[in-house]
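Lettering follows sequence order; numbering is per chain, from 1.
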Number of protein chains: 2
Amino acid sequence: MYSFAMNPKQASARRKLGTSLLLGEQLCFALYSTMAAMNKVYRRLLRELGVTYPQYLVLLVLWERDGLMVSEIGERLFLDSATLTPLLKRMEALGLLRRKRARDDERQVIVSLTAQGLEMKRRAAAVPDGVFCASGCTPVELASIRDHLLLLRARLLKNA
Amino acid sequence: MYSFAMNPKQASARRKLGTSLLLGEQLCFALYSTMAAMNKVYRRLLRELGVTYPQYLVLLVLWERDGLMVSEIGERLFLDSATLTPLLKRMEALGLLRRKRARDDERQVIVSLTAQGLEMKRRAAAVPDGVFCASGCTPVELASIRDHLLLLRARLLKNA
DNA sequence: AAACTATACATCGTGAACGATCTAATAGCA
DNA sequence: TGCTATTAGATCGTTCACGATGTATAGTTT
């Protein structure tokens, strides 16, 4: 017993353009709800490590390259200081990293891993495999979705 | 000047499995950051309507079918009452909808659009078009990504 | 009827996300 | 030297998201 604003013909025309007001047809809701489902999987996997997904992302960045400025972490994760500062403080309280002002430019806060933060990389090795299993997709499928998303992201940021 | 834990050969083997610890290769981060970019586009488009993206999702659901229970809205959006109750209260305060207990079963709260909430559908017609333009993708591309994501979402929820 | 279970929401606490605004430090320049 | 602009973070207020828990109602069992 649904009430549509458009008649079926109009709706079909809009569907072809990908611009429907129907929830089930929107790419963005697919993105939103898939992200939520993915988050649920990660939460379960990360619980034993004691970190959240955004915190795990910060660790990924620092495992690739340690001793970054807050803004450099932000560039990689598309987050600004309003989000990162409290997040990093929580991680510092957990003993995963240290934050200290650079001597040569005291505006900068350098973030570096503690021994505990480094050691966690070993324990986190199982996480991507767990996600891979939960996804039930082939590596080729996953890579294909990923590359399409990255293309979409680039276009969205250009037009944002 | 990056420091990898794995040598290139190991990394390549893992890449093939889609289970790398490298940020740039993870589907999940592509999802996460693309969602954030999409959110940015929506925020701009929805600002003149005075609603947030999750509020817009609730409107989409109610425009398709009015007078739903809180839990029915939650099923469609994959959200629970802890998220929806305050969100719906804010929307009620904005005058977009009404919440009232069902007479026959007083556990249920029935959510129905006000005239203002219904009328907003007309003004929101431009939103999907705006997103479509910002995406810079063809309708076929968008539908393809969407369908891949929905498949992934179904598998993730099954294994969550 | 009393006791139990399930359902439908509400509440609480924590952790993001981000626009807007603030402060301190640095850089550029006359 | 001063003046301004820029940069790097921090802070504030609002909104989501969700696990855990509470509460009232409804249904079911004994």
Enquirer: With sequence neighbours excluded, what pairs up with B:Arg107 under the side chain to side chain contact (heavy atoms under 4.5 Å, CB included) test?
Expert: B:Asp105
Enquirer: Just call it for A:Leu79: base, sugar-phosphate, or nothing, with non-hydrogen atoms closer than 4.0 Å on any strand.
Expert: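 If one applies the 4.0 Å heavy-atom cut-off, A:Leu79 turns out to touch the sugar-phosphate alone, with no base involved.
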Enquirer: Is A:Ser71 touching bases, backbone alone, or none of the nucleic acid, heavy atoms closer than 4.0 Å?
Expert: sugar-phosphate
Enquirer: For residues 85-93 of chain A, run the donor-acceptor check on the side chains, cut-off 3.5 Å, and write out each pair with its distance to 0.1 Å, sequence neighbours left out.
Expert:
from	atom 1	to	atom 2	distance (Å)
A:Thr85	OG1	A:Ser81	O	3.0
A:Glu92	OE1	A:Arg99	NH1	3.3
A:Glu92	OE2	A:Arg99	N	3.2

Enquirer: For residues 36-43 of chain A, tabulate all N or O donor-acceptor pairs below 3.5 Å that involve a side-chain atom, not counting sequence neighbours.
Expert:
from	atom 1	to	atom 2	distance (Å)
A:Tyr42	OH	B:Gln26	OE1	3.3

Enquirer: Whole angstrom is fine here: how far is it from OH in B:Tyr32 over to C1' in C:dC18?
Expert: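 The answer, rounded to whole Å, is 11 Å.
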Enquirer: Write down the distance between CD (B:Glu75) and C1' (C:dC9), rounded to a whole number of angstrom.
Expert: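 Spelled out: CD on B:Glu75 to C1' on C:dC9 is 14 Å.
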Enquirer: By a strict heavy-atom criterion of less than 4.0 Å, which residues belonging to residues 85-96 of chain B are in contact with DNA chain D?
Expert: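 Residues of residues 85-96 of chain B under 4.0 Å from DNA chain D: B:Leu87, B:Arg90.
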Enquirer: Give the first and the last nucleotide of DNA chain D, reading 5' to 3', that has any atom under 4.0 Å from a heavy atom of chain B.
Expert: D:dT15 to D:dA26
Enquirer: Heavy-atom nearest nucleotide on DNA chain D for A:Arg43 versus A:Ala82: which residue maps closer to 5'?
Expert: A:Ala82
Enquirer: Which part of the nucleic acid, if any, lies within reach of B:Thr52 when heavy atoms closer than 4.0 Å are counted: base, sugar-phosphate only, or nothing?
Expert: sugar-phosphate
Enquirer: Using a 4.0 Å cut-off on heavy atoms, which residues in residues 100-108 of chain B reach DNA chain D? List them by number, or say none.
Expert: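 Heavy-atom cutoff 4.0 Å gives B:Asp104, B:Asp105, B:Glu106, B:Arg107.
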Enquirer: Does a side-chain N or O from B:Tyr53 land closer than 4.0 Å to OP1 or OP2 of C:dA17, or not?
Expert: no
